[in-house]
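Reading through the structure tokens given below for one structure.
Small disclaimer: the values here were computed from a predicted structure and weren't measured.
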Amino acid sequence: MADESLLDKVHSLSDLELAVLLCLVSRQHCLISTPRDTIDDLVQELQLVATKTFGLKSAVVINCTPSTTLEDFACGLLPPQPNSRSASPLQTRSDSYFSQPNIWTRRASTSASPLLSAPSHIANVVLAKNLDRAPHAVQIQALELLRTHRIFTRSSVHTAPKQFVFVPVLEAESGGEAHVTTHLNDFFAIAHWHDPEDGFVNLEEMDGGDDVETASNGSVIKRGTQVAEPLVDALISEAEISLLGKLSQQIMVDVDILRYQMNIVAFLRLHRAVAGGISPAATKHLDQLIRCLAPLHSLDFVTPALVAVAVRKVYLHRIRITQPDQERSLYWGSKLEAVEAILQDFGPEDVIEDTLEMVTAPL
């Protein structure tokens, strides 16, 4: 089991920090949303979480729009280069392929058979702001990155580091409204909706003592120093994250708990308001998240309460609400007006709570 000092640090984390920690422990990725007015604060808070709380070397932001191209997306994945030359005091990516169109020509002139250049590492944390607004091709490119942990350009291949988290940061009035394209959406293990009333712990601490600026590449700047620089005094180290990951693989799951999980999945699939989203990938993510939650509570086994917590995070962004005219009870004589009244204002959060109330937890 994890020692008390580590558990004390874990229990002191905010909800956003816990979401990132679970991603690092499980080697999965998370979708995070918040209302429009606070999305910029959320992005800055997540950058600080990555670098201050977990000591990750780099955290970049990709601002997605309907005009974002594949090249924009690939270039945005790379952290600022230390040897970059720029008139600005902030580091930029001016040495990347996309800002030097003649790099291929120079390479070809020195080699009879041009090959891909040496791999370069993607940033540890990539925050894709408003990824849902990006073209379908860009979102599919993001899916390929998550599947293979690498992305190709015309001149090189960029690989993801061992500690790598990809987080779409979306505008939504509730967690159930935040989605990206279907196949990419199902690849995110968990989702979290941040209530602005919960605040931004790290950003507020920095605002209280130091000036905060934002670089042109989206990096948070503190008195001229990039937060993306490695931090020695990270709250939770890579070794501690690895320990939690190993402990999660040793968690025992009783057959009654497993039956409880499967009953929840079955009830979700049969719920009258659900049109889809209860996929096999979601079931795997549910089992993995449950095991990752147990060590954080000083347990070596799974409880029904942990299953309920995991269900709320795994299915929040996946559940798609059926249209009233497609609800299955209409085939058996239900009135459309009655179905519309039942499904009115019914969201994924309501489906999850309804299901947890219907399925009896083991004693």
Classify the ring geometry between His297 and His11 as parallel (under 30°), tilted (30 to 60°) or perpendicular (over 60°). tilted
Is there a salt bridge (Lys or Arg N to Asp or Glu O under 4.0 Å) between Arg133 and Glu171? Walk through the geometry before answering. CA-CA 10 Å; Arg133 299 180 184 177; Glu171 298 175 359; 2.8 Å; yes
Asp354 versus His271, side-chain donor and acceptor atoms under 3.5 Å: yes
Pair His194-Ser33, side-chain donor/acceptor within less than 3.5 Å: no
Determine, using the 4.5 Å side-chain heavy-atom cutoff (strictly less than), whether Met262 and Leu270 are members of one ILVMFWY cluster. no
So do the side chains of Asp186 and Thr182 get within less than 4.5 Å of each other, counting heavy atoms only? no
Point-to-point distance, once rounded to the nearest 0.5 Å, from OG1 of Thr303 to CG of Leu306: 3.5 Å
Which residue in the set Leu143, Leu184, Leu70 passes side chain to side chain contact (heavy atoms under 4.5 Å, CB included) when paired with Val138? Leu70
Which pair of non-hydrogen atoms, one from Thr65 and one from Pro135, has the smallest distance, and what is that distance? O-CD, 3.6 Å
For the backbone of Ala282 and the side chain of Ser279, can you confirm whether one donor and one acceptor N or O come within less than 3.5 Å of each other? yes
Any side-chain donor paired with an acceptor under 3.5 Å for Thr53 and Glu17? yes
Can you tell me how far apart CG (Asp132) and CG (Leu31) are? Round to the nearest 0.5 Å. 8.5 Å
So, do Cys30 and Val165 sit near enough that their side-chain heavy atoms are less than 4.5 Å apart? no
Within a reach of under 6.0 Å around CE of Met252, are more than 12 heavy atoms found that belong to other residues, nucleotides or ligands? no
Atom pair CZ (Phe301) and CD (Gln250), whose distance is rounded to the nearest 0.5 Å: 15.0 Å
So do the side chains of Val10 and Leu6 get within less than 4.5 Å of each other, counting heavy atoms only? yes
Considering only residues two or more places apart or on different chains, which pairs with a residue in residues 52-74 satisfy ring pair (Phe, Tyr, Trp, His ring centres under 6.0 Å)? none
Per side chain to side chain contact (heavy atoms under 4.5 Å, CB included), Thr34 is matched among Leu170, Leu42, Val43, Asp198 by Leu42
So, Asn124 side chain and Gln163 main chain: donor-acceptor pair closer than 3.5 Å or not? yes
Distance check, rounded to the nearest 0.5 Å: Asp195 atom CG versus Thr38 atom OG1? 8.5 Å
side-chain contact (heavy atoms from CB on, under 4.5 Å) assessment of Val157 paired with Ile151: CA-CA 6 Å; Val157 55; Ile151 191 169; over 6 Å; no
Side-chain heavy atoms nearer than 4.5 Å, only ILVMFWY residues, links allowed to pass through others: does that put Val302 and Leu7 together? no
Tell me whether the centres of the aromatic rings in Phe188 and His285 are closer together than 6.0 Å. no
Ile62/Leu127 under side-chain contact (heavy atoms from CB on, under 4.5 Å): CA gap, chis, key distance, verdict: CA-CA 6 Å; Ile62 303 176; Leu127 306 175; over 6 Å; no
CG of Leu244 to OG of Ser26, rounded to nearest 0.5 Å, is 11.0 Å
Given 3.5 Å as the limit, does a donor-acceptor pair link the side chain of Trp193 with the main chain of Ala172, or not? yes
Taking atom types as modelled, is there a side-chain donor on Asn202 or Glu45 under 3.5 Å from an acceptor on the other? yes
Could Glu173 and Arg36 be called an ion pair, given the rule that one side-chain N must be under 4.0 Å from one carboxylate O? no
Checking Gln141 side chain against Ala137 main chain: does a donor-acceptor pair fall under 3.5 Å? no
Show the nearest heavy-atom pair for residues Tyr260 and Leu356, with the distance to one decimal. OH-CD2, 4.2 Å
Search all heavy atoms of Cys292 against all heavy atoms of Leu22 and return the closest pair with its distance. CB-CD2, 4.1 Å
Close side-chain approach of Val169 to Ile39, heavy-atom, < 4.5 Å: yes
Is a side-chain N or O of Arg27 found less than 3.5 angstrom from the main chain of Lys162, in a donor-acceptor match? yes
With no hydrogens and no angle check, do the side chains of Asp72 and Thr69 hold a donor and an acceptor under 3.5 Å apart? yes
Just jot down the ring-ring contact (aromatic ring centres under 6.0 Å, His included) partners of His179, sequence neighbours excluded, or say none. none
Is the shortest side-chain heavy-atom distance between Leu48 and Val201 below 4.5 Å? no
Run Asn63 and Val61 through side-chain contact (heavy atoms from CB on, under 4.5 Å) and show every step you take. CA-CA 6 Å; Asn63 291 299; Val61 179; 3.9 Å; yes
Going through the distances and angles, do His121 and Thr159 end up as a side chain to side chain donor-acceptor pair (under 3.5 Å)? CA-CA 5 Å; His121 282 301; Thr159 60; 3.3 Å; yes
Linking I/L/V/M/F/W/Y whenever their side-chain heavy atoms sit closer than 4.5 Å, directly or via other members, would Leu316 and Phe166 fall into one cluster? no
Donor-acceptor pairs are to be reported for all side-chain atoms of residues 330-343 against protein atoms at under 3.5 Å, with residues two or more places apart or in another chain.
| residue | atom | partner | partner atom | Å |
| --- | --- | --- | --- | --- |
| Ser334 | OG | Ser329 | O | 3.2 |
| Ser334 | OG | Ser329 | OG | 3.0 |

Of the options Glu349, Glu353, His192, which is the one that meets Arg312 in a side-chain hydrogen bond (donor to acceptor under 3.5 Å, both in side chains)? Glu353
Measure centre to centre between the rings of Phe152 and His158, then say whether the value is under 6.0 Å. no
Between Asn130 and Cys64 (side chain of the first, backbone of the second, donor and acceptor by atom type, cut-off under 3.5 Å), is there such a pair? no
Compare every heavy atom of Asn185 with every heavy atom of His317, then report the nearest pair and how far apart it is. O-ND2, 2.9 Å
Side chains of Lys52 and Leu235, heavy atoms from C-beta outward: is any pair under 4.5 Å? no
Between Arg259 and Asp254, is the closest basic N to carboxylate O distance under 4.0 Å? no
Candidate pair Ile278 and Phe267, rule side-chain contact (heavy atoms from CB on, under 4.5 Å), full reasoning: CA-CA 10 Å; Ile278 319 301; Phe267 271 66; over 6 Å; no
List the atom of Ile321, the atom of Gly347, and the distance in Å for their closest heavy-atom pair. CD1-C, 3.8 Å
What I'd like to find out is whether the side chain of Arg269 reaches to under 4.5 Å of the side chain of Val274, using heavy atoms alone. no
State, yes or no, whether a side-chain contact exists between Ile352 and Ile319 at a heavy-atom distance under 4.5 Å. yes
Report, as yes or no, whether the 6.0 Å neighbourhood of atom CZ on Arg147 holds more than 12 heavy atoms from other residues, nucleotides or ligands. no
Over all heavy atoms of both residues, which pair between Gln28 and Gln288 is shortest? Give the atoms and the distance, please. NE2-OE1, 3.1 Å
Whether Lys9 and Glu240 form a salt bridge (side-chain N of Lys/Arg under 4.0 Å from carboxylate O of Asp/Glu) is what I want to check. yes
Calculate, to the nearest 0.5 Å, the distance between atoms CD1 and CE belonging to Ile264 and Met358 respectively. 10.5 Å
